[in-house]
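One structure is given below, encoded as structure tokens.
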Amino acid sequence: MSIETPAPAPSDFIRDFVKADLASGKYKAPHTRFPPEPNGYLHIGHAKSICLNFGIAREFGGICNLRFDDTNPTKEEVEYVESIIADVNWLIAGWADDRLGYKAKGAAPEKRAGDFYLPAVPITNCEPFYASDYFDALYEYAVQLIKKGRAYVCDHTPEEVDRMRGAPDRAGEPSKYRDRPIAESLDLFARMKAGEFPDGTRTVRAKIDMASSNIWLRDPLIYRIRHAEHHHTGNKWCIYPLYDFAHCLSDYIEGITHSICTLEFEVHRPLYDWILEKLDLPRPLPHQYEFAKLIPTYTIVSKRKLITLVNEKLVTGWDDPRLPTISGIRRRGVPASALRQFAYNIGVTKYNSVTDIAVFEHCIRDDLNKHALRRLAVLRPLKVVITNLPETHAEQLDAINNPEDETAGKRKLPFSRELYIEQDDFAEVPPPKFFRLKPGGEVRLKYAYIIKCDEVIKDATGKVIELRCTADLTSKTGGATAGRKIKGTIHWVSAKDSIEAECRLYDRLFTAAEPDADGDFKKHLNPHSLEVVTAKCEPSLADAKAELRYQFERLGYFCLDSDRKLTTENRKLIFNRTITLKDTWAKEAKKG
RNA sequence: UGCCUCGUGGUGUAAUGGUAGCACAACUGACUCUGGAUCAGUUUGUCUAGGUUCGAGUCCUAGCGAGGCAGCCA
């Protein structure tokens with residue numbers, strides 16, 4: 001009896017810190033967070049972060065909050081909030097959904113004993129976290145910072161602030177307003193909040209060190225004026241905190257222990273720590289850790305470039321199955337488990353690297369191979385007539401639903417005199433090592449007979465339009481000559497029993513491994529990233545289910561597309577090809 | 001050229017002073033009623049130079065290289 005070895009627990013430098021903090025008793029359990037800004041759709045890079053944060057929560061008995069980092073009203077939209085919620089829920093469903101943090105709908109931090117708290121609630125009537133729910137608390141914290149003499153209102157224009165910041169190798173110049181009286185700053189800040197000043201006229205700045213070698217410590221801005229409606233707080237505010245101020249305090253308010261972000265925030269960590277320390281908040285404080293973001297080959301992941309593709313209609317939308325967005329990946333038919341496996345396989349480090357998309361493709365195939373139901377479908381049909389069978393011939397053959405999973409059972413497959421086979425499975429002039437059908441040659445029809453090609457029929461242009469073959473009638477599974485060794489086995493469908501389906505054949509969106517390496521990613525768009533064909537399918541596919549995955553044998557993995565619901569009136573089937581099967585013949589054929 | 005971070009096969013990652021391992025990719029072969037899957041195997045690596053040590057991918061020094069940082073973006 002074999003004992004399945006459990007998958008090794010993920011290990012990386014961040015999990016090492018978590019382990020150490022748990023062992024030392026610093027925290028009882030980790031509390032992480034995934035903090036997207038709702039200004040775009042989530043993509044495969046975010047999936048890495050989601051799996052890291054939720055993965056840590058589930059491995060160490062903790063919780064992970066979904067928190068919208070929504071401090072910039074001019075860039076954020078409800079559409080993005082909703083898509084992000086859907087994407088996160090899809091990715092963690094059945095895996096870490098029991099680790100998802102939640103708060104009461106509409107709840108904001110309460111003030112108790114001079115500090116802010118946000119109590120946990122049962123999982124009913126709950127919602128994700130929003131940094132914008134903390135604006136009252138954040139305002140109060142800024143006031144405290146001013147009162148402590150560690151922040152001030154600055155009247156310099158954006159241009160002046162920019163110029164006075166200095167450069168990496170040149171110290172900055174202090175603001176004229178740096179040492180203005182605390183009472184004056186307090187008054188001005190209150191009036192900023194009251195809406196007395198136009199955008200850009202004043203800011204609140206932390207008073208740190210204009211000569212610091214770290215730019216982010218040169219009196220960074222923590223509040224700015226923005227007379228703009230916010231998707232979550234409406235018109236309540238006309239001042240908004242900046243990322244550095246809002247993020248560390250949002251972490252603190254939610255009781256986050258390990259605040260995990262990408263490498264570019266490394267230089268912000270001193271500021272993160274400074275704010276929490278100068279506010280004299282009770283320990284233990286959250287700590288920030290940084291890891292290298294995912295850069296996959298043959299695609300682009302930058303928000304700006306994704307928006308370009310969507311807006312310029314180079315793809316059909318954010319959920320175009322060719323896009324590396326989570327919604328695109330989902331629509332393409334990739335199981336969440338495959339995406340999670342990928343996130344696990346690539347690891348977590350501080351080293352900037354490029355990940356071969358083949359690793360993802362392998363995870364998809366590996367997952368789908370185990371779970372997809374096998375079906376026969378012909379993408380590019382070529383008619384075949386079995387001449388030694390009567391026109392009335394009809395039989396039902398046994399077909400296996402999934403050779404990798406006995407419990408998937410069997411089904412019946414209709415067979416008749418007229419069939420369709422794949423055009424690629426016949427060659428009038430076969431290349432070397434071609435072991436499919438050729439004139440005078442034999443091939444096995446999966447689950448059916450060995451047939452021999454007797455005659456090739458062409459149209460006026462010389463195109464092959466029909467093959468006339470004879471079947472070895474005893475070669476069927478279980479028959480007298482069933483054991484005959486034939487090198488090739490091909491898929492087919494019975495012409496009169498087949499149904500049609502639109503198949504969308506997707507390929508990589510770009511032809512270059514690093515599409516933006518030369519700064520012109522649009523130049524490398526793959527013109528063949530989508531091909532639409534009308535396939536002939538075995539009749540059982542008429543009952544295809546949206547939640548199931550199918551392998552069209554020898555072709556690839558397919559799933560129903562969500563567009564199908566738009567066309568239910570004519571019951572048109574639309575399948576997306578998630579990914580092809582590995583094709584070693586294509587490689588062989590290339591060698592010529 | 002200021003500060004921060006990082007350099008392990010083609011790619012990604014492990015080895016926490018003690019046999020450089022795993023995965024993907026590539027290539028062989030076996031098997032196969034999916035040219036899939038599976039199985040067996042092969043190729044390729046510690047940035048450089050010193051030092052410490054019985055022993056260094058790991059620790060130290062110097063160099064080289066890569067990435068990040070100068071939004072009222074996050």
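Lettering of chains follows the sequences in order, A, B, ..., and the numbering in each one begins at 1.
Using a 4.0 Å heavy-atom distance criterion, Thr157(A) is classed as a base contact. Across all strands shown, Asp356(A) has heavy atoms under 4.0 Å from sugar-phosphate atoms exclusively, and none from any base. Residue Arg226(A) is classed as a sugar-phosphate contact, given heavy-atom separations below 4.0 Å to backbone atoms only. Residue Phe435(A) is in base contact, counting any heavy-atom pair closer than 4.0 Å across all strands shown. Contact annotation for Leu581(A): base contact, defined as any heavy-atom pair under 4.0 Å involving a base atom. Nucleic acid contact for Lys485(A): sugar-phosphate only, since backbone atoms but no base atoms lie under 4.0 Å from a heavy atom of the residue. Counting any heavy atom pair closer than 4.0 Å across all strands shown, Arg444(A) reaches a base atom.
Nucleotide U13(B): paired with G21(B) (Watson-Crick or G-U wobble, both distances less than 3.5 Å). When Watson-Crick and G-U wobble pairs are counted only if both distances are under 3.5 Å, U32(B) pairs with no nucleotide at all. Pair assignment for A56(B): none, as no Watson-Crick or G-U wobble contacts are both less than 3.5 Å. Of the nucleotides present, C6(B) is the one that pairs with G65(B) by Watson-Crick or G-U wobble criteria, both distances under 3.5 Å. Partner assigned to A26(B) is U42(B), using Watson-Crick or G-U wobble distances below 3.5 angstrom.
With the nearest nucleotide of RNA chain B identified for both Lys446(A) and Gly200(A), Lys446(A) has the one nearer the 5' end. Where Ala292(A) and Asn39(A) each meet RNA chain B at their nearest nucleotide, the meeting point lying more 5' is that of Ala292(A).
If you run side chain to side chain contact (heavy atoms under 4.5 Å, CB included) between Leu271(A) and each of Asp244(A), Ile215(A), Leu276(A), only Asp244(A) comes through.
At a cut-off of 3.5 angstrom, the base of C72(B) holds no donor-acceptor pair with the side chain of Thr203(A).
A70(B) atom P lies 17 Å from atom CD of Glu159(A), rounded to whole Å. At whole-Å resolution of the value, CZ in Arg484(A) and P in C33(B) are 13 Å apart.
Base orientation of G67(B): anti, the glycosidic angle falling outside 90° of 0.
G10(B) and A49(B): their C1' atoms are spaced 27 Å apart (whole Å).
Annotation: Lys19(A), atom NZ; neighbour count of heavy atoms from other residues, nucleotides and ligands within 6.0 Å is above 12.
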